[in-house]
Every structure is written in C-alpha cells, then in structure tokens.
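Each chain gets a letter, A, B and so on, in the order the sequences are listed, and its residues count up from 1.
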There are 2 protein chains.
Amino acid sequence: MTAAPTPRVTIKDVAARAGVSKGAVSLAFNHKPGLSESTRDRIFRAARELGWAPNLTARTLAGSRVDVVGLAVCRPARVLGLEPWYMEFVSGVESVLAEHSCSLLLRLVRNLDEEVGVQASWWRGRQIGGSILVDFRADDPRVGLVERLGLPVVAVGHPSLTGGLTSVWTDDATAVTEAVRYLAALGHRRIARVGGAAALGHTAIRTAAFDEAAGALALAGAWQVATDFSGDAGARATRSLLTAAPPDRPTAIVYDNDIMAVAGLSVAAEMGLRVPEDVSLLAWDDSQLCRLTHPTLSAMSHDVHGFGAEVARTLFGVITGDEAAGSHPVPTPVLTPRGSTAPPR
Amino acid sequence: MTAAPTPRVTIKDVAARAGVSKGAVSLAFNHKPGLSESTRDRIFRAARELGWAPNLTARTLAGSRVDVVGLAVCRPARVLGLEPWYMEFVSGVESVLAEHSCSLLLRLVRNLDEEVGVQASWWRGRQIGGSILVDFRADDPRVGLVERLGLPVVAVGHPSLTGGLTSVWTDDATAVTEAVRYLAALGHRRIARVGGAAALGHTAIRTAAFDEAAGALALAGAWQVATDFSGDAGARATRSLLTAAPPDRPTAIVYDNDIMAVAGLSVAAEMGLRVPEDVSLLAWDDSQLCRLTHPTLSAMSHDVHGFGAEVARTLFGVITGDEAAGSHPVPTPVLTPRGSTAPPR
DNA sequence: CGCACTCCCTTAACCGGTTCAGTGATGAGT
DNA sequence: ACTCATCACTGAACCGGTTAAGGGAGTGCG
C-alpha cells in the first residue's frame with residue numbers, strides 16, 4: 001500500500017515564507033511562549049496562504065501527543081451490525097473526541113487474542129494515544145496487557161472485572177433488581193430473563209443479580225437464558241419460553257438489549273399472545289427502536305450517548321495524567337414504562 | 001494529550017542484538033532482497049526476543065505505506081446512532097481491511113465543510129492512505145477536493161454524482177422501478193414513497209425514478225415525502241400519508257430504509273390499519289430488523305456487508321494504483337417479499 | 001560603562017524508521 | 001594475474017516535525 005506522490009507543503013516552506021526558522025513555526029503552532037505577537041501573526045498568515053497544517057505523523061514521531069484513540073470491538077460483525085448500543089456509544093465517544101480534533105481508530109476483531117495483539121501493536125507502533133476497552137470478561141487478559149504496556153486506557157465495565165484500570169460503568173446489578181422488583185410489583189410471579197453472551201462479565205453480573213432478586217421476592221418461577229445478543233437468538237429464546245402451558249409460562253420477560261426485545265415482541269404476536277395482556281416485555285438499552293414498535297417497549301433506559309462521552313472524557317484525563325486511576329459509576333439505568341408492561345391477567 | 005513515558009524497543013536495539021545495522025533490519029522486515037538467509041533469521045530471532053514490531057508512525061513518516069483508511073460520516077449523531085445500514089457497511093469494510101492489517105479511522109462530522117476539512121487534514125497529515133466517501137450530493141465539493149489533493153478514494157454513489165472518481169454503486173433507479181412495478185402488479189394504484197434526506201444524490205435519483213415509474217404505469221396516486229432517515233420522521237410521514245380518507249389514501253408505501261419502515265408499521269397499528277390488508281409496506285436496506293417485526297417486512301434487500309467489502313477492495317486497488325478509475329456497479333437490490341405486502345382489498 | 005537579565009529567535013539533535021550510494025569480499029571469466 | 005559482476009551489508013541522508021540549549025539585541029541598574 002504505497003501512497004500516491006503529492007507535493008506537500010512542510011513546516012520548512014512556512015518558515016521560509018514567514019522569514020523565520022522551523023522552530024519558530026513549531027512554537028507558534030503549539031501556542032508556546034517565546035514569540036512576539038507580530039511574528040506569530042506572520043507565521044499564521046504564511047501557513048494560511050500555503051494551506052499548511054502540521055503533519056500529525058511527524059508530530060507523533062517527535063514525541064508529543066497522539067491524537068487518535070483506539071477501539072477494538074470483539075463480536076461477530078453480523079451481530080454488531082444491528083446493535084444500536086454500539087453506534088450510540090461510538091457516537092457519544094466521537095462527540096467528545098471531535099472537540100479535541102481527535103479521531104477514533106476502529107477495528108473489529110474476532111476474539112480476545114486478536115484484540116490483545118491489535119492493542120499491543122497500535123501502542124507499540126504509536127498509532128494511538130490511548131484506548132477504550134469494552135466487553136470485559138472474568139480474568140480478562142487485557143488487564144495485565146495494559147499494565148505491561150503502560151497503555152493509557154479506560155475500561156468499560158464493573159470494577160470487579162477491570163482490575164486496577166480506570167473504569168466507567170453502570171450499576172447493572174441494581175438495574176436488574178429494579179427491573180425484577182417493578183415486574184413483581186405489577187403482580188408478576190413468573191419472570192424470565194433473556195440474557196446476553198454468557199462469557200461477558202456484565203452478563204454474569206446481571207445473571208447473579210436476577211437470581212438474587214428472584215430469591216428475595218420468592219418468585220414462583222424465574223428463568224434465565226443466555227444468547228448472543230442477536231435478534232434471532234432473542235426470538236428463539238422467547239419462543240421456547242412461551243411454548244410452555246400457562247402455569248409454567250413466564251408472564252413477564254426481561255431482555256438484555258432492545259433488539260432481542262423487538263424480536264420477542266414479534267414472537268409473541270406470531271404465537272397469538274397479546275402484549276402486555278398475556279405477557280409483559282421489558283427491554284434494555286433504550287434506543288429509538290423501543291418507541292417505534294407497537295406496542296411501544298418499556299425499557300431500562302440509559303443515556304448511551306452520554307455514557308460514551310463520559311468514557312472519552314475520562315480517557316483524556318488518563319492520557320494527560322490528570323485522572324487518578326479509579327472507577328466512575330454513571331447513572332443507573334432507569335425504568336421507562338411504556339406499552340409493553342402491565343399487570344398479568 | 002501527551003503520551004505516558006514508556007521505554008520502547010526500537011530498530012536500533014534489534015540491530016545491535018542481531019549484530020547488524022538498522023538498514024539490514026529494515027530490509028528483513030520488508031522482505032526485500034539483499035540479505036542472506038542466516039542473517040535474516042538472526043534478525044527475526046532478535047526481534048522476537050525483544051518483542052519488537054516496526055513503529056508504524058516512523059514507517060509512515062519515512063515515506064512508505066500508510067495502513068489506515070479514513071471514513072468521515074456526515075450526519076447528526078442521533079440518526080447515525082440508529083441506522084443499521086452504516087454498521088453493516090462499516091463491518092463489511094472492516095472485514096477486508098482486517099485481512100490487510102489495516103484500520104479504519106472514523107469521524108462523525110456535522111456537515112460537508114467539516115468533512116472536507118477533515119479529509120484534507122488527514123491526508124496532508126499523512127494520517128491515512130486513502131478514504132471512503134459516502135453520501136454524495138449534486139455538485140459535491142469533495143470531487144474537486146480529492147483531485148486537488150491527489151487523495152486516493154473510492155466514492156460510494158452513482159457515477160453521475162461522483163465525477164471522475166472511482167465509484168462503487170447500486171442501481172437505485174432500477175430498484176425503485178422494480179419496487180413500484182411489484183406493488184402495481186399486486187394491484188396497487190395509489191403508492192407513496194417515504195424518501196431519505198432530500199439533499200443526498202441517491203435520494204434525488206430514487207425520487208426521479210419513482211416519478212417516472214409512476215407515470216409509466218399511470219398510477220392513480222403517487223406521493224413522495226422527504227425525511228431525515230430517522231424513525232421519528234418515518235413515523236410522522238406515515239401518519240400524515242395515512243390520515244387521508246380511503247380514496248385519497250395510499251394503499252402501499254415504500255420506505256428508503258428499514259428503520260422508517262418499522263416506524264411505519266407501528267403507525268399503521270396505532271391507527272388501526274392492518275398490514276398488509278389495509279396498507280402494504282415495503283422496506284429498503286433489508287437488515288435483520290425486517291425479520292423481527294410482525295408482520296415481517298418485505299424489503300428491497302441488498303448485501304450491505306458485501307457492498308462494504310467491495311468498496312474496501314476497490315480502495316486498495318486505487319491506493320496501489322492497480323485500479324483504473326472507473327465505476328463498479330454492485331448487484332441491484334432485489335425484492336424480498338415477506339408479510340407486509342399483499343394485494344389491496 | 002559594565003553587568004545582569006529578559007525577550008525573541010535560531011541551531012542542532014532527536015524521534016524511528018526507509019532508502020540508496022557505496023564498500024569489501026567472493027567468485028567467474030579471460 | 002587482473003578485471004568485472006554479484007552479493008551481503010553498512011553508513012548517512014532523509015521524512016517533518018519538537019525541544020533543549022544557546023546567542024544576540026535591548027533594557028535596567030549600580
């Protein structure tokens with residue numbers, strides 16, 4: 001992959017035109033002291049006339065900042081393609097990065113090992129100034145990797161999963177408990193949960209919290225199923241849950257994302273069950289999608305865009321060193337009741 | 001944004017350990033001739049022992065390849081957050097980039113001017129080796145920009161919009177015509193289209209094709225509405241179309257993406273209209289979403305993932321110079337009938 | 001008048017690679 | 001024995017910035 005030849009304007013050209021040295025131009029463009037106002041003006045004028053902007057590659061090499069942050073996402077492309085959560089998260093991250101003229105280096109990887117390799121080579125190759133780590137699992141190898149490399153990161157996940165890394169997280173356990181309590185308060189005694197990928201740490205946390213809540217409330221029935229977050233898996237899980245005869249059938253189902261909830265809605269319709277009369281459905285990661293269905297989906301909603309923004313802000317703090325390692329909880333998802341939840345008949 | 005200090009292994013260390021010069025290491029790692037097998041082995045062994053990988057920044061600066069390609073997406077973040085098309089497209093692009101150990105530099109921009117600035121600074125700053133340009137509009141300023149810069153790009157859009165740039169495109173006009181003919185063949189005489197953003201070139205192409213098809217078939221009624229691709233806009237448009245009394249009401253609606261079609265489905269339900277008995281709906285950009293609704297959505301389907309992959313492959317061709325400028329049509333979307341289309345009552 | 005102190009700006013080394021001219025050793029050809 | 005290639009490798013310049021050290025001019029002060 002070789003670049004096409006193009007005559008490029010360099011700092012030397014600007015310096016020559018402004019009648020100063022390269023160093024002076026550098027000082028001006030980094031807003032460092034030691035230049036008179038008039039020289040500064042002349043330099044900026046010359047740069048503007050030549051259409052010059054500092055070469056970031058050279059700047060990086062010379063050892064100052066790196067204005068790229070990395071994000072490697074480890075999930076099959078097909079699933080990712082549909083998950084609104086990711087795009088909202090990315091757009092939140094982007095919104096903050098853009099303010100700093102910083103870009104996002106995105107890479108889809110097939111597994112954790114590949115991610116470990118990508119992060120290491122990005123950092124060693126000075127491609128990134130820091131990274132965002134998502135989808136933690138128990139004993140995640142990235143914790144050790146990051147420490148070995150000295151790579152500045154923000155981990156998205158519960159502190160119990162992210163080791164000593166600076167983390168930003170939502171309190172999934174509390175949210176799950178709230179969801180179950182809400183359904184129980186409506187009168188549901190048989191509640192199911194269609195969870196995400198079993199390997200992920202936050203799925204395990206939700207699973208445990210669900211069990212505990214179900215026990216505390218002494219529910220008559222509590223089921224949990226693991227999926228891969230895809231709509232198809234959500235549909236399959238729902239179908240199998242609703243197949244049982246009424247006394248053994250859940251009257252309410254909680255989903256781990258919104259796409260599976262949409263799928264569940266359609267399965268209920270296909271099976272001739274009315275929502276919410278015959279079965280209540282509760283989505284997670286409230287995206288626009290939840291308001292576009294009929295009935296609209298009640299959801300545990302959650303400002304994913306703002307979450308992404310907070311992650312990016314924290315990462316800047318880590319990179320500049322202003323941020324002491326620690327954990328940043330963001331507001332717990334709150335229940336937004338809509339048309340898909342009601343007392344059981 | 002300053003990087004944390006980390007002792008890094010450089011080419012010099014590897015050279016010293018292997019007892020050769022920097023140049024020799026460089027030759028070895030670029031698989032260039034001029035080294036004996038034994039020296040080559042010694043170099044690779046030394047590199048492995050030290051955990052060294054070439055610094056991409058330095059490599060880039062020294063004037064060889066750049067293994068990053070750019071993508072600036074120009075749309076309000078909220079909308080992007082929801083469009084499955086983009087994530088599928090990105091994942092298709094990624095799948096090919098990954099084979100070449102190449103990453104995607106992603107940036108959300110608010111308008112075309114900003115995109116022009118971003119592309120220019122990426123290229124001038126040698127941040128990217130090439131770029132993918134999407135969402136063309138009439139007289140798009142990017143055509144001229146790219147030629148001025150000499151930036152290798154692939155334009156996603158009809159050749160009439162992308163000037164002399166190498167382009168990859170789907171035949172929207174034919175697809176729209178096919179959609180209208182299909183609905184007409186079912187017996188529909190009053191057909192509406194809920195289009196995308198009016199400023200976009202492909203929207204204009206679809207709009208013109210719809211008009212022409214409607215004329216050719218002498219439909220009794222043909223309406224078109226422009227939106228911003230969001231679910232809310234799709235819902236509003238549908239509501240206003242279906243508000244008219246039966247003789248003036250469309251019996252079939254075509255949408256420009258799938259998220260608006262989902263919204264349309266829910267509006268029909270909300271208004272007490274049955275789909276497809278009272279009104280047929282036809283989606284575009286067939287994502288998994290179309291199979292998750294009830295009824296399932298008929299759609300003009302289209303391998304978006306493969307489309308992204310083709311775009312990436314073409315871009316590699318352009319960057320290496322193997323690719324003569326030209327236009328690459330990919331297969332026209334084909335109609336996939338499902339549960340949301342039927343003859344009118 | 002001489003000295004110290006600022007203020008502005010220049011110089012040169014450096015970041016970590018690539019590349020190319022050049023060097024010495026070896027072998028073939030005459 | 002001498003030239004001429006070929007091969008394997010080295011050395012130094014270079015990519016386009018940053019940065020620390022240094023230098024010259026102008027001012028304040030004893």
Student: Return the value, rounded to whole Å, for the distance between atom CG of A:L27 and atom C1' of D:dA20.
Tutor: 11 Å
Student: Looking at D:dT18, I'd like to know if its phosphate oxygens (OP1 or OP2) sit under 4.0 Å from a side-chain N or O belonging to A:N30.
Tutor: yes
Student: Ignoring backbone atoms, establish whether B:T57 has a side-chain N or O less than 4.0 Å from OP1 or OP2 of C:dC15.
Tutor: no
Student: Please figure out whether A:G34 or A:K22 has its closest DNA chain C nucleotide nearer the 5' end.
Tutor: A:G34
Student: Using a 4.0 Å cut-off on heavy atoms, which residues in residues 44-53 of chain B reach DNA chain D? List them by number, or say none.
Tutor: none
Student: What nucleic acid atoms does B:S36 come within less than 4.0 Å of, heavy atoms only: base, sugar-phosphate, or nothing?
Tutor: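 The residue B:S36 makes sugar-phosphate contact but no base contact.
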Student: Whole Å only: how far is the CZ atom of B:R59 from the P atom of C:dG16?
Tutor: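 My rounded result for the distance is 15 Å.
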Student: Please indicate whether B:N111 has more than 12 foreign heavy atoms, meaning atoms of other residues, nucleotides or ligands, lying under 6.0 Å from its CG.
Tutor: yes
Student: By the 4.0 Å heavy-atom rule, please label A:T10 as base, sugar-phosphate, or nothing.
Tutor: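 The residue A:T10 makes sugar-phosphate contact but no base contact.
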Student: Rounding to an integer number of Å, can you tell me how far A:E37 CD sits from C:dC9 P?
Tutor: 10 Å
Student: Taking any heavy-atom pair under 4.0 Å as a contact, classify A:S21: base, sugar-phosphate, or nothing.
Tutor: base
Student: Is a side-chain donor or acceptor of B:R148 paired with a backbone partner of B:V143 at a separation under 3.5 angstrom?
Tutor: no
Student: Starting at NE2 of B:H31 and ending at C1' of C:dT18, how long is that distance when rounded to a whole Å?
Tutor: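 B:H31 atom NE2 is separated from C:dT18 atom C1' by 16 Å.
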Student: Would you indicate which nucleotide in C:dT18, C:dG17, C:dC9 comes nearest to any side-chain atom of B:S26?
Tutor: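 Given the options C:dT18, C:dG17, C:dC9, the side chain of B:S26 is closest to C:dT18.
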Student: For A:V20, report the nucleic acid contact type (base, sugar-phosphate, nothing); a contact means any heavy atom under 4.0 Å.
Tutor: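 Counting heavy atoms under 4.0 Å across all strands, the contact made by A:V20 is with sugar-phosphate only.
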Student: Do you see a donor-acceptor pair shorter than 3.5 Å between the side chains of B:H305 and B:S91?
Tutor: yes
Student: Can you list the residues that meet the salt bridge (Lys or Arg N to Asp or Glu O under 4.0 Å) rule with B:R107, with sequence neighbours excluded?
Tutor: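 Residues passing salt bridge (Lys or Arg N to Asp or Glu O under 4.0 Å) with B:R107: none at all.
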Student: In whole Å, I'd like the distance from the CG atom of A:N55 to the P atom of D:dG17.
Tutor: 5 Å
Student: Given 3.5 Å as the limit, does a donor-acceptor pair link the side chain of B:N30 with the main chain of B:K32, or not?
Tutor: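 No: the side chain of B:N30 does not pair with the backbone of B:K32.
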Student: I need the CH2-P distance between B:W123 and D:dG16, as an integer number of Å.
Tutor: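 Distance check: B:W123 CH2 to D:dG16 P gives 13 Å.
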Student: Roughly how many Å is it from CG in B:L61 to P in C:dC15, rounded to a whole number?
Tutor: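 Distance check: B:L61 CG to C:dC15 P gives 14 Å.
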Student: Could you tell me how far apart B:D41 (CG) and D:dA8 (C1') are, to the nearest whole angstrom?
Tutor: 15 Å
Student: Would you check if B:V154 and B:L133 make a side-chain contact, meaning some heavy-atom pair closer than 4.5 Å?
Tutor: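 Not in contact.
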Student: So, does B:T60 get its side chain near the phosphate of D:dC15, meaning an N or O under 4.0 Å from OP1 or OP2?
Tutor: no
Student: Is a side-chain donor or acceptor of A:R42 paired with a backbone partner of A:A18 at a separation under 3.5 angstrom?
Tutor: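 At least one qualifying donor-acceptor pair exists.
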